[in-house]
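We name chains A, B, ... by the order of the sequence lines, and we start the count at 1 in each one.
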Amino acid sequence: MINLINSIFRKLTSPTDCLRYPFVKRELPEGTRGRIDIEIDKCTFCGACEKRCPSNALKVTRDPKSWTLNPYSCIICGYCIEVCPKKCIIAHKEHYSPNV
Amino acid sequence: MIRRNTIPFGPQHPVLPEPIQLHLVMENEKIIQALPAVGYIHRGLEKIAEKKDYIQDVYLAERICGICSFMHSQNYCQGIEELMKVQIPDRAKYLRVIWAETHRIHSHLLILGLLADAFGFENLFMRLWKVREQILNIMEKTTGARVILGVCAIGGVKRDITPELSEYILRELEAVEKQLPELMDSLLKDYSVKQRLIGVGVLPKDKAHELGAVGPVARASGLRMDLRETGYAAYGDLDFKMVVGEAGDCYDRTMVRVKELYTSLDLIRAALKRMPQGPISVAVKGSPPADEVLARIEQPRGELNFYIRGNGTRNLERFRVRTPTFANLPALLHQLTGCELADVPVIAICIDPCVSCTER
Amino acid sequence: MLNHVSEITLDQISTEVWKLKQDGYRFVTMTCCDRGESHDILYHFDKNYELKHLRVTLPRGTALPSISSLFFAALLVENEMKDLMGVQVSGMAIDFQGRFMLAEGSPVAPLNKSIPGIGIQIQDKTPSAPEGTVKS
Amino acid sequence: MQIQESLIALLVLGPLVFGLMMLTGIKGILRNAVVALAGLVTIGAGVALPFYSGATAPDVGLPALITTAGNWIEPLVILTVLAIGFSIRSWPVRIMALIQLGLCGAGLIMARHESVEETKLVVDSLAMIMVLIVSVIGSLIALYGIGYMNVHEHHAPPTAASNNRFFFVLISFLGLMNGLVLVDNMKWLSIFWEGTTLCSFFLIGHDGTTEAKASARRAITINVFGGLAMSLGVFLAAHTAGSESLSVVLTKGPLILLPLGLFTLATMTKSAQLPFQSWLLGAMVAPTPVSALLHSSTMVKAGSYLILRLAPSLQGTPLAPIIAIAGAFTFVVTSALAVGQSNGKKVLAYSTIANLGLIACCAGIGTPLAYAAGVTILIYHAVSKALLFLCVGTIEQTIGSRDIEDMGGLLFKMPLTTNVAMIGMASMMMPPFGMLVGKWMAIEAAVRNPVVLILLVLGSALTIFFWAKWLGRITTTSYHETYTIETVSPWMLSVLALIGTGVVAISVCATLIYAKVIKVISLATFGMDTCPGNISILDSVHSFLGWPMYVVFGTIVLALLAGVLLFKPSQIRLPFLCGENLDLDDHSFTFRGIADTPTSAALTSYYLPLFEESKITSWGNPLAALIILSLFGVLFI
Amino acid sequence: MTVVPKFNKSPWVVHFNCNSCNGCDIEFLACLTPLYDLERFGILHVGNPKHADVLVVTGSVNHRNARVLKNVYDQMPDPKVVVAMGVCASTGGIFADGYNVLGGVDKVIPVDVFVPGCPARPEAMIDGVLKGAQVLQAKHSGKTPLAEKHVLTRTPTPVDAPAVLEKGASHA
Amino acid sequence: MTIPTTPLTLVLAILVAPFFGALLSGIDRRITARAQGRMGPPILQPVYDTIKLLRKEPILLNRMQIVYAYLHLLFMIMAFLMLVFGKDSLMFLFVFAFSTLALVLGGMCVRSPYSRIGSQREIMLMVAYEPILILIMIGFYMVNNHSFLLSAPLSAARPMLISLPLLFVAFLVVLAIKLHKSPFDIATSHHAHQEIVKGITIEYSGPHLAILEIAHFYEMALLFCLIVLFWASPIWIGLLLASASFFLMTVVDNAFARLTKMWIFKFMWTSVLLLAMTNVILLYWVSK
Ligand code: SF4
Ligand code: SF4
Ligand code: SF4
Ligand code: SF4
Ligand code: SF4
Ligand code: SF4
Ligand code: SF4
Ligand code: SF4
């Protein structure tokens with residue numbers, strides 16, 4: 001107890017540990033998997049990503065050519081990135097942002 | 001004259017972030033009988049696993065539970081590797097140990113923090129979780145995610161730990177270890193904490209064995225039982241001392257976890273030091289044969305069992321998950337009987353319950 | 001690859017389990033597997049990290065005797081089997097009446113396979129019919 | 001003068017006469033009418049008495065014949081006791097009665113030579129207050145009894161004695177009590193004392209069940225023991241002081257320590273102080289009017305009355321502090337006992353004993369303030385406790401249980417009775433009701449004696465515990481219940497309403513009662529000269545009884561208004577049951593439990609094992625006995 | 001430095017875990033701890049629906065917890081806001097085709113904010129709760145439309161295609 | 001020195017007290033947060049909370065709840081005024097106790113198990129600390145020439161603390177209970193959510209909960225003033241003492257686990273009571 005009281009006073013006199021998130025943004029490490037996106041012009045619409053996505057978050061159509069991601073299904077596993085033959089799917093560092 | 005009181009404890013109850021109902025029958029506040037009602041978090045994961053292919057199942061297995069998610073994927077991959085007779089590179093084994101042990105640390109810190117919250121020690125809870133964030137930083141930096149890592153794959157692992165990262169890890173571990181003694185003293189030596197833990201929820205050794213308790217719960221009761229001793233992954237090459245208690249009360253369970261924090265820290269350091277160079281994965285071709293396997297590893301909460309049965313296709317025939325909490329539930333019911341209502345949260349948290357993996 | 005699997009019959013269960021208990025084995029868990037005509041029931045036991053398994057082939061419609069009086073811990077997994085596989089278990093210490101894992105509205109015995117030849121049809125997310133497996 | 005005497009005659013003899021009419025075997029409406037008449041007459045006489053006598057009425061002299069008559073009536077009464085001793089085959093009663101008979105004889109022989117003293121009636125304020133309590137509250141209980149016993153007749157056990165005999169005893173009881181408080185002659189005091197014992201014996205045994213019989217037997221054994229102490233005290237006092245007049249004897253102070261001790265012992269048995277409490281608890285088996293009567297206005301109050309009478313003489317004797325401690329000890333132990341009870345009547349019983357202990361304690365402390373506190377408690381307790389017993393009786397007749405835990409939702413089932421009961425409970429513990437004022441004065445008075453102080457302080461904390469539990473229970477309501485109209489006999493209902501109003505009224509008039517009665521009595525008893533701080537302390541009581549009192553009442557009214565005005569039925573939601581609520585129409589709080597089965601949640605109040613009856617009495621009674629022994633021990637030091 | 005728009009100053013939160021794998025749960029708990037400290041915004045984790053303004057749900061809905069979720073929601077006093085944390089709560093996520101999974105939280109109760117991610121990062125959760133607080137503030141005055149789940153569609157048009165999500169994904 | 005009871009002071013006291021209490025509670029939350037390494041809410045957060053609650057939909061279980069909530073508040077205000085204007089101390093305690101009792105009854109009058117558990121526990125706490133409070137008043141009485149008036153300590157020559165050191169310590173324990181601080185936070189606190197969710201207040205919501213909050217602000221102000229009485233002249237020492245005590249409470253809260261009700265009961269009726277009794281008996285002995 002005594003040592004905790006000690007450390008309580010230490011905490012009281014030192015700056016907070018808080019990251020102050022919305023005001024200050026954290027430096028995210030390299031390789032962080034955030035939101036998934038595509039460099040659409042490289043894509044061949046082969047559909048490999050759609051087939052492998054464990055969460056059925058992707059929809060690829062050849063005609064018309066479109067690649068659709070449902071961020072509310074994507075589990076950010078990165079499997080699509082691995083399987084894409086063109087390596088055109090990318091994971092941004094920052095997270096998907098909630099909508100209203 | 002004393003009468004029976006009946007109350008539901010859960011599913012929406014702040015002390016249990018997970019939905020489970022304990023049906024408590026009490027005399028005044030003394031528990032006479034406790035029964036669990038589960039199923040609030042049953043997703044039918046075993047069936048989903050049969051529908052997805054066996055590689056997608058790695059991601060599914062990770063989401064059996066988010067706390068020691070890595071170990072679920074590790075156990076699943078080890079099971080499939082055994083089934084398909086794949087030999088993975090040594091470096092991958094060491095990497096698996098490193099991530100598994102960081103997971104153990106984060107899980108133990110988490111539960112110790114929740115335990116502190118359960119007996120109303122908010123300060124300690126906050127401080128422990130603050131330390132835990134540093135462990136999460138290690139995971140984020142090495143794998144790209146904070147809790148569900150997604151680095152384990154059939155045939156090895158997906159990411160490597162470079163020498164720079166290794167140094168970073170050692171530095172962080174150092175910082176974590178520096179903060180621990182003060183907090184651990186509060187957990188183990190503080191008068192008020194001891195009042196709440198010692199002699200509470202006693203599980204004698206023979207009862208623990210009979211009820212099939214596993215993990216820290218079993219070890220705190222004096223059972224020597226830690227699957228890491230069987231030497232899966234790289235544990236065979238690494239030394240560690242199993243922590244056992246004797247009284248089998250909440251205090252001993254806490255003590256076991258506290259000491260295991262240090263064991264895990266040492267294991268990570270040793271693994272980082274002795275990790276051989278080489279590839280981190282091998283390519284795996286084909287599908288799991290029509291055979292069955294029971295894969296087991298030691299999770300933070302105890303022994304995890306996956307029964308995996310293939311049928312020669314990319315889909316599994318049967319995937320069954322028996323998690324440590326499932327094994328510890330009967331022991332929990334035994335401990336709850338006769339305790340005070342005030343001790344219910346403490347005892348419940350002390351078995352480190354994870355309902356989501358229990359119900360899948 | 002399970003080692004040490006002994007195939008036993010239905011009526012040997014309690015004696016075999018009792019023997020293992022006397023030998024100081026710990027009950028690990030049970031696994032049930034739908035094999036079409038029958039259910040495969042596996043009992044897993046452990047002693048000093050050595051696993052021992054008992055396998056019982058349970059024809060459909062046959063009740064499995066509970067071992068919860070020998071190992072109380074088996075109670076949970078037996079109730080779960082009853083819910084998810086539709087296996088009838090007799091003599092459980094506490095019977096959750098098919099409401100252990102599943103609730104009103106859940107499908108019946110969802111972990112069984114849909115094998116058309118045998119006539120077991122498992123539908124996803126259908127409102128529940130009364131207890132038991134659906135047989136045509 | 002004439003009027004005063006006839007009023008007194010009406011008060012003492014009237015009930016006896018009406019009682020005897022019962023024995024003629026009248027039935028039905030006629031019987032009810034006679035009981036009602038007896039009650040009303042007694043009430044009238046009781047209320048009229050103070051108006052005609054004023055605060056300081058002169059004593060009323062009685063012819064010497066009465067004194068002589070007393071000499072012969074006393075053995076008669078004792079013989080009755082002896083007869084009972086034989087009929088219930090109780091050796092202790094027989095032996096004690098025989099000893100008493102011996103004493104009687106000895107007294108007669110010794111008194112031969114002396115001239116016959118005049119018997120007088122002392123009509124001072126204390127006596128007047130008692131008369132008021134006995135005749136008003138007691139009669140009201142009798143009126144209530146009319147309605148109650150009609151129902152009781154139907155489902156009482158076949159062994160029960162006839163209701164006529166019941167009312168005979170009940171009504172006569174009032175006369176005896178009036179006599180007891182007014183009479184100054186110790187012989188007569190003894191007679192009335194034994195008379196109340198006999199009455200209570202018959203009333204407790206009324207139902208004739210094994211349990212009732214056992215209780216009656218216990219009651220008479222203990223009370224005859226008290227009667228013996230009384231006789232012995234009277235005998236010794238008379239011979240030490242050379243007079244049979246209590247007022248004369250009491251002026252003798254230290255000379256009569258042993259008789260004083262014996263008198264104290266007698267009061268303790270009568271007011272069921274530890275370790276003699278068991279008879280009063282046993283008395284619970286009797287029909288409710290009996291319990292109400294025994295607890296509020298008669299019987300146990302005889303003990304309190306006598307100890308207050310003795311208080312001035314006790315002052316300065318070594319007995320006083322011990323009596324204070326014994327009283328405080330009873331207070332704290334019985335309060336603890338009440339905490340462990342879920343039987344409503346038992347809670348009431350223990351609370352009665354606790355308050356009687358408090359009165360005894362005040363008498364022991366013996367300062368003007370303490371005395372005033374004692375009298376305050378005496379008055380307010382009688383009214384509130386009568387009310388509560390009658391309420392519990394009514395509730396029991398309706399729901400068939402006297403268990404507190406069965407009383408949830410009563411507010412809807414029997415709104416009137418429950419509201420009245422709530423007032424009664426509030427009046428036992430909350431500001432601004434009189435009981436709290438009394439307790440407060442007692443604590444302020446006890447401040448000079450740390451041991452008594454701590455006991456009182458602990459006791460009053462425990463008091464909160466059991467009242468709060470009960471009050472919380474009866475105000476518990478579910479979310480979709482509706483009011484029902486209760487069907488209770490008009491006799492009972494009107495008496496409840498009357499006493500309920502009375503409780504509020506005497507609390508509202510607390511200032512007046514205090515200034516006009518209590519303070520006056522206290523000052524008259526002790527005189528101004530006892531100590532200088534007296535007056536200022538007594539006056540400081542006004543500081544509370546003034547405006548805060550009305551603010552408190554205003555506050556309560558405001559809160560009730562808020563409840564009426566701010567409540568909209570549309571805002572009602574289900575209680576928190578961890579999300580598993582089921583909205584069934586059975587008024588219970590049901591949740592989906594194991595295997596989805598609807599389960600009823602239940603939470604009763606706590607009756608902690610710490611406060612178990614057997615546990616507490618096992619050390620409380622011996623300790624109390626020890627304290628009483630020390631009462632006599634000090635006489636020899 | 002982002003300027004946080006006007007939000008309710010005291011949104012008390014009750015958290016209910018439906019079918020969550022704990023990943024989102026522990027991340028939400030982490031939001032209360034020193035590094036993220038939700039109490040800065042007056043947010044208290046109250047644990048009791050009757051005191052709460054914001055219901056944070058993690059995990060998808062199954063047959064048994066749906067009724068609990070409904071009860072919890074019903075016991076909250078108006079105005080109230082529901083925040084669905086993680087993809088499970090939004091759509092069912094990886095478990096969406098499980099036999100016991102009904103789908104996202106919006107199958108049972110109206111949802112005001114969806115927070116994607118598996119698990120959603122604490123930062124995303126803070127964003128989500130603050131958005132919830134904004135909605136709460138708006139609800140004090142009048143009704144606001146419920147949230148919709150936008151998908152990100154990319155088509156190979158030469159110039160940068162307008163993506164539906166772009167507005168929402170503001171931190172890019 | 002007493003504050004005269006004029007309409008102006010009356011209104012002032014009624015208006016200022018809750019803000020003062022809210023401020024105290026805001027500071028408390030802030031310090032708690034800082035002790036844990038967090039930033040914590042704005043100081044005025046309790047005010048925001050209360051305003052928000054007042055604007056919410058009032059839901060409840062039955063009518064009695066409202067009555068008890070208002071009784072709680074009104075009696076609390078009354079107790080506070082009795083303290084400020086120096087009325088009789090024992091009566092003040094009774095009114096204060098009844099205020100808490102109204103809260104307890106409010107928790108008991110609903111058919112909700114958690115609420116009832118909270119109430120039962122709160123009664124046990126009351127039974128545990130009431131004697132101590134009474135003894136403190138007795139201590140005041142003895143030091144102040146046999147005056148039970150709460151205004152007496154204000155004009156006393158010697159600060160109460162010097163004669164009543166042990167009683168002050170006992171009072172600090174009571175303070176911890178009244179402020180729902182660890183290790184005593186078993187009944188009402190929002191910190192006791194681990195066992196009984198919110199205890200007594202669980203079934204209150206919206207404006208009715210706000211009433212309880214406001215009452216609690218009064219209670220804080222009341223307790224603060226009570227500490228000031230221990231060192232009333234010069235009054236700034238008293239204010240300092242009170243602030244220090246409140247700060248101490250926050251620290252203690254952060255350094256303890258919650259203990260169980262029986263432990264508290266035993267602790268209060270043995271150690272703390274003994275402490276208080278010792279002080280009273282010493283006074284008694286000295287005055288003889
Ligand atoms: S990251 Fe995983 S879930 Fe998301 S789109 Fe890619 S494969 Fe699907
Ligand atoms: S796998 Fe790659 S190339 Fe194929 S559709 Fe997906 S993104 Fe396009
Ligand atoms: S054992 Fe529990 S904590 Fe570990 S992964 Fe499984 S569910 Fe999570
Ligand atoms: S036991 Fe752990 S994982 Fe499970 S709910 Fe509690 S905190 Fe979350
Ligand atoms: S319930 Fe009442 S009326 Fe009926 S027999 Fe019993 S005492 Fe008499
Ligand atoms: S003035 Fe003082 S000494 Fe006299 S009775 Fe009162 S308290 Fe006792
Ligand atoms: S969204 Fe992902 S992390 Fe969150 S509960 Fe679902 S599976 Fe777990
Ligand atoms: S109960 Fe726990 S989370 Fe809630 S406010 Fe208190 S300490 Fe914080």
Closest heavy-atom pair, E/P77 versus F/S205, reported as atoms and distance to 0.1 Å, is CG-OG, 3.3 Å
By side-chain contact (heavy atoms from CB on, under 4.5 Å), E/P122 pairs with (sequence neighbours left out) B/R146, E/E27, E/C31, E/Y36
Scanning both residues in full, the closest heavy-atom pair of E/D53 with F/K56 reads OD1-NZ, 2.5 Å
Turns out that what part of F/Q36 lies under 4.5 Å from chain E's heavy atoms comes down to backbone
Here the gap from E/N48 atom CG to F/E203 atom CD, rounded to the nearest 0.5 Å, amounts to 7.0 Å
Bottom line for F/L53: the part with an atom under 4.5 Å from chain E's heavy atoms is side chain
**Study point:** E/H51 side-chain N/O to F/G206 backbone N/O, donor-acceptor pair under 3.5 Å
**Key:** no
In short, side chain to side chain donor-acceptor pair (under 3.5 Å) pairs touching residues 77-89 of chain E with sequence neighbours left out are none
ask   = Are any of the side-chain heavy atoms of F/D49 and E/W12 separated by less than 4.5 Å?
value = yes
- Message: Strictly distance-based, threshold 3.5 Å: is any side-chain N or O of E/D37 a donor or acceptor partner for the main-chain N or O of F/R38?
- Response: no
So F/R29 and E/E39, side-chain contact (heavy atoms from CB on, under 4.5 Å) or not? Walk me through it.
CA-CA 10 Å; F/R29 276 174 70 176; E/E39 205 190 349; 2.9 Å; yes
